[in-house]
There are 2 protein chains.
Amino acid sequence: MSKFAKPPSRSASKLPARKRAARPSVVPRAAKGRTATSPKTYHHGDLRRVLIAAALELAEEGGADAVSVREAARRAGVSPGAPFRHFPSRNDLMSAVAEEAQRRFRVSIAAAIAGTSADDPLARFRAFGMAYMRWAMTNPAHFEVISSGKYFSHDQSEALREDNDELIAMTEQLLMDALAQGQLRSSDLRVIKIAGRALVYGFARMKIDGHFPRWGVADAEADQMAEAIITLFVDGIARPV
Amino acid sequence: MSKFAKPPSRSASKLPARKRAARPSVVPRAAKGRTATSPKTYHHGDLRRVLIAAALELAEEGGADAVSVREAARRAGVSPGAPFRHFPSRNDLMSAVAEEAQRRFRVSIAAAIAGTSADDPLARFRAFGMAYMRWAMTNPAHFEVISSGKYFSHDQSEALREDNDELIAMTEQLLMDALAQGQLRSSDLRVIKIAGRALVYGFARMKIDGHFPRWGVADAEADQMAEAIITLFVDGIARPV
DNA sequence: CGTGAATGTAATCACTGATTACACAATTGA
DNA sequence: TCAATTGTGTAATCAGTGATTACATTCACG
């Protein structure tokens, strides 16, 4: 990928790299308390978490494909083989990154929904869709890792599947409530569900995949365009008054 | 990428590899006619096209990320450095692949639209959407190359941008006609355009990105689901009778 | 026929993910 | 207290990849 496009650099590595010259002797061992934030020992102490954080950072900087195990190790100040202890493969690291991202995603969505009235399911559905698109546009790299589906298998992670299933169940519940309150024109909730998902997912990906310029959508108006298409869709499925 | 996940193979290369042992001497030079299908000379004669074809093939086999310049060269029976003459970088190769794929895409769409009556713009709009989703689902790898937007820049290729602009213009024209005939509920064509695009693009990507299982859509019913969501959408934007 | 432009080869380089043997540290149990 | 076990990081290595250069060959055109 893009990692190969920058040969004349990197050799004089960025971060301090934590000199590793006089090694064979004993290690500083200064802070012995391992409160999850004490480096400088032979054993890192919190490598797993730091690697995930570094990977997230890399994804933010150059997209999901720019995440490399070695660079993550480098940023953690650790040898290239060290991550192997925690993640047998790059995909396992990406999977962990996805778990973290998905967790944040779910929290964000839940918060948005909580801020709306339970009396109006369709309004909640709208808010759901908007929160979905907003988060995706605000965290493009994370969203890409979650959704692109080529960095990991959903069967691998229990947490990942659970978080996802919860979002789907939430969608279904909102639609059932809306139908029960006579807010919907059609009763084929399954189709509405898939269509709604396709709409918000498609919009989010259009942004992430860089389609907006071609389609004449300025970044500054992305949010209001999201509002507009949600309105169009919801008005389309709502029972006319 | 996934290329790294298969170390114990590939060494005993697949295809015949066209033995390259006794090289320093003169080359067969049998068929001298260069009708675009005569190999066996020092100069390949049609490398560019063959490389694109090989790349398309690789994309079909293992997704867009599985495309490697070296493997394409290998399949073309040529040294790893040869493609450089035709494509300065991997992205340039991918760009050419995208051009080819986009051309096929446009042809397919145009054919589908041509098979509908010009008297009913909204029906054409529907057919457009269906053709879009069908092609994407039938040619997932090609579609990914075209749309993922990380293999090339749209500014690079004139043909690419033209083909794309034509599809967008087609969408706009159909909507204008539909509005003129009083088929639409709303007159905000821009929003309808973006929403429609997000819908079909999102559905196509859901399929390609492997979201269907999680959302309970079986592959066998993908086509009819596509019909259903298009119907839902079009009914939603159509003026009620 | 011969010369220059195209085009392929060979050989490198830096980078990546993966994997092993080894070194060191932390924990545990007697 | 101290040895053994278990966990965790290091060093070294391998094959694959994109990129780039110097060199070889061929083709096309004058």
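In the text below, chain A, chain B and the rest are named by the order of the sequence lines, each starting its count at 1.
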### Query
Looking at dT8(D), dG8(C), dA18(C), which one has an atom nearest to any side-chain atom of Leu47(B)?
dG8(C)

### Task
Enter the distance from Lys150(B):NZ to Glu144(B):CD here, rounded to the nearest 0.5 Å.
7.0 Å

### Query
Which listed nucleotide (dC22(C), dT17(D), dT7(C)) is nearest to the side chain of Arg70(B)?
dT17(D)

### Separation of atom CZ in Arg74(B) from atom C1' in dT9(C), rounded to whole Å
15 Å

### Task
Calculate the interatomic distance between Asp92(B) atom CG and dT20(D) atom C1'; express it in whole Å.
15 Å

### Task
Report the distance from atom CG of Asp46(A) to atom P of dG7(D), rounded to the nearest whole Å.
18 Å

#### Entry: Asn91(B) vs Arg85(B), nearer the 5' end of DNA chain D by closest nucleotide
Asn91(B)

## Note on the structure
Of the candidates dC23(D), dG9(D), dT17(D), the side chain of Ser68(B) sits closest to dT17(D)

### Query
Between dG8(C), dA19(D), dG9(D), which nucleotide gets closest to the side-chain atoms of Arg90(B)?
dA19(D)

### Task
Check the distance between dT17(D)'s P and Asp65(A)'s CG and give it to me in whole angstrom.
16 Å

### His86(A), nearest nucleotide to its side chain (from dG18(D), dT17(D), dG9(D))
dG9(D)

### Side chain of Phe84(A) (C-beta onward), nearest among dT20(D), dG9(D), dT20(C)
dT20(C)

#### Entry: Whole-Å gap separating C1' (dG9(D)) and CZ (Phe87(A))
15 Å

#### Entry: Partners meeting side chain to side chain donor-acceptor pair (under 3.5 Å) with Glu100(A) (sequence neighbours left out)
Arg103(A), Arg104(A)

### Protein-nucleotide distance (Arg48(A), atom CZ; dG9(D), atom C1'), rounded to Å
16 Å

### Query
From Glu162(B) CD over to Asn164(B) CG, what is the distance, rounded to the nearest 0.5 angstrom?
11.0 Å

### Query
Under 3.5 Å, is there a donor-acceptor pair linking the side chains of Tyr151(B) and Asp92(B)?
no

